[in-house]
Amino acid sequence: MRLEHKVQPVKKNHSIKEVVISLFLQNPILKPERFEKLISSGYKDSFQQFDRISQFQVQFQKKTEGGKSASLKHEQNAGFKFISFKNGQVNRLLQGINETHRTFISYHNLDYERWNSFYEDYKKNITLLSDIQSDIFIKAFSLHYIDELIWIDDDCPIDLTLLLKGNREKIPGDFFKSENPSFSIVSEKQIQDAIYFDRLEIRVNPTIIPSLVISHNVTEDLDEEILLDQLFQSDFEQKIEDMHSYNKELLNSILQEEVQSLIGLTQNTKK
């Protein structure tokens with residue numbers, strides 16, 4: 001039986017379920033509710049909905065007589081979220097969130113086609129945030145791909161050896177012998193002149209129609225902070241292109257050749 005009768009990508013022409021670029025900020029986002037005005041101006045053709053983000057935090061404190069007490073803190077204005085819909089489903093998301101130990105802006109595309117169109121759309125939308133807060137300083141950034149391959153052969157269970165190479169440098173041998181396995185590793189790697197914090201997770205979703213999910217997130221700290229409105233005049237563009245190529249190299253190293261052909265993955269195409 002041919003491979004395409006056993007497995008299919010989550011999308012018609014590729015396996016990318018979601019791609020995310022995140023910017024990690026030096027300072028918190030000030031008054032996130034102010035960004036709502038973009039929904040009727042710069043984002044009127046890009047997003048249909050604006051939501052405020054709230055967060056709950058549970059804090060534990062030691063009592064003088066021993067034991068601990070817990071208090072619940074509700075932050076009603078912890079960030080913002082812009083949402084775009086296609087055929088009734090969320091297809092793009094832009095959010096900025098103030099967490100306790102970090103602040104970030106992330107752009108999510110759940111209807112990915114090709115890198116060039118995704119990146120141009122990202123550039124157009126992310127720079128408009130500077131119109132609301134001019135002092136957004138970026139100290140690190142990440143690129144996150146989530147790929148999914150759906151097993152459609154009802155006559156036999158998912159066969160990981162047909163999908164993944166037995167690359168012991170990337171995937172331990174026990175992964176292929178386990179039922180519904182999940183493997184993750186976080187590492188620090190030097191790629192050319194960059195130091196990446198690399199997080200790879202490979203898992204089988206044990207649903208009625210099982211699937212193989214590959215989540216690959218790469219983060220790089222910047223040597224110097226960059227203002228958001230100067231981001232695309234810096235070396236960020238080359239750095240994010242390098243991350244994109246690195247993700248393709250990773251998939252090339254772990255996916256069987258026939259799977260790579262099925263999802264249209266080659267080093268010479270803009271996946």
Side-chain angles (χ1 to χ4, degrees), residues 9-55 76-99 103-138 140-148 217 226-241 243-244 247 264 269-271:
V10 69
K11 302 294 185 180
K12 182 178 180 181
N13 299 317
H14 60 76
S15 60
I16 300 168
K17 186 175 184 178
E18 182 177 359
V19 59
V20 186
I21 296 179
S22 297
L23 304 175
F24 300 94
L25 311 185
Q26 181 64 34
N27 299 309
I29 297 168
L30 302 177
K31 297 182 179 180
E33 71 276 8
R34 296 181 301 153
F35 290 83
E36 184 174 7
K37 66 180 67 174
L38 287 172
I39 199 75
S40 59
S41 56
Y43 288 163
K44 64 181 180 181
D45 297 323
S46 300
F47 299 98
Q48 293 82 50
Q49 183 174 316
F50 174 88
D51 291 336
R52 297 186 186 185
I53 295 176
S54 61
Q55 288 184 341
Q76 293 184 325
N77 200 14
F80 62 82
K81 181 187 297 184
F82 292 94
I83 306 172
S84 170
F85 299 92
K86 181 178 179 180
N87 299 325
Q89 301 292 322
V90 175
N91 70 322
R92 287 183 296 114
L93 178 69
L94 173 61
Q95 61 183 8
I97 302 177
N98 294 323
E99 294 184 343
T103 297
F104 64 91
I105 295 170
S106 60
Y107 181 79
H108 306 243
N109 189 306
L110 293 88
D111 189 29
Y112 183 90
E113 293 181 359
R114 289 294 176 184
W115 172 258
N116 283 342
S117 57
F118 161 75
Y119 186 63
E120 288 304 313
D121 189 61
Y122 171 75
K123 288 175 64 175
K124 178 186 72 174
N125 287 306
I126 202 71
T127 52
L128 288 172
L129 297 175
S130 297
D131 295 345
I132 308 300
Q133 183 174 332
S134 60
D135 61 340
I136 297 177
F137 284 91
I138 300 154
F141 66 98
S142 71
L143 177 64
H144 186 189
Y145 273 103
I146 301 175
D147 288 80
E148 186 169 11
N217 191 319
I226 301 174
L227 273 169
L228 179 58
D229 63 3
Q230 298 174 6
L231 185 64
F232 302 108
Q233 287 77 51
S234 70
D235 59 357
F236 170 81
E237 296 210 277
Q238 184 59 54
K239 287 177 177 290
I240 202 74
E241 282 281 354
M243 280 188 175
H244 169 236
N247 171 260
T269 59
K270 291 290 186 180
K271 158 179 161 286

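Every heavy atom of this structure was used, including side-chain atoms; hydrogens, water molecules and symmetry mates were not. Computed from a predicted structure; not experimentally measured.
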What one should report as the nearest heavy-atom pair of I53 and G96 is CD1-O, 4.3 Å
Would you call the rings of H14 and Y112 parallel, tilted or perpendicular, taking 30° and 60° as the class edges?
perpendicular
Using a 3.5 Å distance criterion without hydrogens, assess whether the side chain of D51 forms a donor-acceptor pair with backbone atoms of K81.
no
Y119 OH to I21 CD1 distance, which is reported to the nearest 0.5 Å:
6.5 Å
Looking at residues at least two apart in the chain, or sitting in another chain, which of them share a side-chain hydrogen bond (donor to acceptor under 3.5 Å, both in side chains) with Q238?
D242
Partners meeting salt bridge (Lys or Arg N to Asp or Glu O under 4.0 Å) with K17 (sequence neighbours left out):
E148
In Å and rounded to the nearest 0.5 Å, what is the CZ to CG distance from R52 to N77?
5.5 Å
Any donor-acceptor pair under 3.5 Å from Y43 side chain to N125 backbone
yes
Would you give the length of the straight line joining atom NE2 of H108 to atom OG of S84, rounded to the nearest 0.5 angstrom?
13.5 Å
Applying salt bridge (Lys or Arg N to Asp or Glu O under 4.0 Å) as the test, list every pair that has at least one member in residues 128-137; sequence neighbours left out.
none
Taking the inter-plane angle between the rings of F80 and F35 on a 0 to 90° scale, is it parallel (under 30°), tilted (30 to 60°) or perpendicular (over 60°)?
parallel
Show every salt bridge (Lys or Arg N to Asp or Glu O under 4.0 Å) that has at least one partner inside residues 226-237, sequence neighbours left out.
K123-E237
Is the Y107 ring parallel, tilted or perpendicular to the F47 ring (thresholds 30°, 60°)?
perpendicular
Can you pull out every salt bridge (Lys or Arg N to Asp or Glu O under 4.0 Å) where at least one residue sits in residues 86-97? Sequence neighbours excluded, please.
K86-D111, R92-D121
So, for N98 and I29, which heavy atoms are closest and what is the spacing to 0.1 Å?
OD1-N, 2.8 Å
Residue pairs, two or more places apart or on separate chains, that pass salt bridge (Lys or Arg N to Asp or Glu O under 4.0 Å) and touch residues 25-46
none
